[in-house]
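Counting from 1, the numbers follow the sequence of the chain as shown. Counting starts at 1 for both ligands and their atoms, in listed order.
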Amino acid sequence: MSDIITLETVKIERDGATSFIILNRPEKRNAMSPQLHLDMCEALDWAEEDEQTRVVVITGAGGHFCAGQDLKLYFRETENNPKARTRARRAAHEWRWNKLSMFPKPTIAMVHGYCFGGGFTPVIACDFAIAAEDASFGLSEVNWGIIPGGLVAWAVTEVMGYRDAIYYSVTGERFSGKEAGAMKFVNKSVPNDKLRETVMELARNLEAKSPAAVRYTKEALRSVRRMTKDQALDYLNCKSDALKHQDPEGGREKAMKQFLDDKVFKPGLGTFKREEA
Ligand code: COA
């Protein structure tokens, strides 16, 4: 188990095998500054390497998820400094999409309060998203004369129906956590006072499963989306074989034995009994 690292704009907290990575600029509604992007890259690298961490939750401090890019520090202050803008852009993309969408452990976005603009990308990149019913989502870019850039426009079409994506991007109208749940922008919404409990219920469920099976399943789902059927079939056969040989816990054999020989486990009803590798 590694020590939790200290960062200027991001806080890390443990809850058992689940690590919370918290955007921590509550006085600015967690608007994302260039420093926050760099800190998030570091935080995710830490969580990837930390052996105790099995599940990562991304959320924001002070009752809000994220007010989008910091209009002053990310946009205005890098306006005439192309190098700084490029660095900020690279880091912003790196954690919000590259690192999160390829993360080897399951990730959950826990959304409360405001979630605007660039704050959508990490919600979409996480494997799961759970929102408070009264959370407030907005693709507000159009309200101040810009487009949902930095991959936001692309990302929303990954999870929203096209009608909803166009509607909310072009009108800038907000939608609630409850509406986000109904349109499946998030997996579900719950009353704000049940948000953490609901997230932890999912996290504990994921913690108990074979880390290798969870990782390979995520990777498989992500990859097959853009493949033809024949490519997917070939890839999935190879992926299944790879998992069989590369799971340090030997989950498949253990599960087979527990179900077929020992008769102590029913795979349709729960997780096989793991022993740490
Ligand atoms: N960039 C920079 N600063 C921001 C910010 C952003 N995206 N969002 C909020 N802040 C700052 C405010 O300037 C204010 O700073 P100050 O205390 O130094 O004046 C502080 O955060 C609190 O914001 P405030 O507007 O007073 O809080 P609120 O609770 O009344 O409203 C929002 C919160 C999020 C609705 C409002 O701040 C807002 O509309 N922000 C912009 C959201 C947006 O369009 N983001 C898309 C960017 S891609």
Does atom 29 (O) of ligand 1 have a protein non-hydrogen atom under 4.0 Å from it? yes
Apply salt bridge (Lys or Arg N to Asp or Glu O under 4.0 Å) to residues Asp134 and Lys178 and explain how you reach the verdict. CA-CA 7 Å; Asp134 61 0; Lys178 197 168 185 174; over 6 Å; no
Residue-ligand contact Glu27/ligand 1, heavy atom below 4.0 Å: yes
How close does the nearest protein non-hydrogen atom get to atom 45 (N) of ligand 1, and which residue and atom is it? Ala67 O, 2.8 Å
Kindly confirm or rule out an N or O of Lys28 lying under 3.5 angstrom from an N or O of ligand 1. yes
Numbered atoms of ligand 1 (with element) below 4.0 Å of Ala31, judged on heavy atoms: 1 (N), 5 (C), 6 (C), 7 (N)
Is there a protein heavy atom less than 4.0 Å away from atom 37 (O) of ligand 1? no
Which residue and atom name correspond to the protein heavy atom nearest atom 39 (O) of ligand 1, and how close is it? Phe116 CE1, 4.9 Å
Heteroatom proximity flag, Gln69 to ligand 1, N/O under 3.5 Å: yes
Just to confirm, does any protein heavy atom lie below 4.0 Å from atom 6 (C) of ligand 1? yes
Considering only NZ, NE, NH1 and NH2 on the basic side and carboxylate oxygens on the acidic side, decide whether Lys254 and Glu249 come within less than 4.0 Å. no
If you count the atoms of ligand 1 from 1 in the order shown, which ones are under 4.0 Å from a heavy atom of Ser140? 43 (C), 44 (O), 45 (N), 46 (C)
Taken in chain and number order and not counting sequence neighbours, the residues that satisfy salt bridge (Lys or Arg N to Asp or Glu O under 4.0 Å) with Lys273 are none
Less than 4.0 Å between a side-chain N and a carboxylate O, is that true for Asp70 and Lys28? no
Do any nitrogen or oxygen atoms of Arg29 lie less than 3.5 angstrom from nitrogen or oxygen atoms of ligand 1? yes
Between the side chain of Trp46 and the main-chain N/O of Cys41, is any donor-acceptor distance below 3.5 Å? no
Would a 4.0 Å cut-off, counted as strictly less than, catch a protein heavy atom around atom 13 (O) of ligand 1? no
Atom 19 (O) of ligand 1 protein-contacted, heavy-atom criterion under 4.0 angstrom: no
Give a yes/no verdict on whether any heavy atom in Tyr74 is under 4.0 Å from an atom of ligand 1. no
Looking only at distance, does Phe75 have an N or O less than 3.5 Å from an N or O of ligand 1? no
Carboxylate-amine/guanidinium proximity below 4.0 Å for Glu253 and Lys244: no
Checking contacts now, so for atom 42 (C) of ligand 1, which I'm interested in, is there any protein heavy atom under 4.0 Å? yes
Taking only residues two or more places apart in sequence, or in another chain, which ones meet Glu207 in a salt bridge (Lys or Arg N to Asp or Glu O under 4.0 Å)? Arg204
Parallel, tilted or perpendicular: ring planes of Phe259 versus Phe265, cut at 30 and 60 degrees: perpendicular
Scan side-chain atoms only and decide if His112 and Glu133 contain a donor-acceptor pair under the 3.5 Å cut-off. no
Test of proximity, Leu71 against ligand 1: N or O pairs below 3.5 Å: yes
Walk me through it: do Trp144 and Phe75 pass the test ring pair (Phe, Tyr, Trp, His ring centres under 6.0 Å)? CA-CA 12 Å; Trp144 54 287; Phe75 286 109; 5.6 Å; yes
Below 4.0 angstrom from a heavy atom of Tyr114, which ligand 1 atoms are there? Numbered from 1 as shown, please. 29 (O), 33 (C), 34 (C), 35 (C)
Mind telling me whether Phe137 and Phe175 have parallel, tilted or perpendicular rings, with 30° and 60° as the class edges? parallel
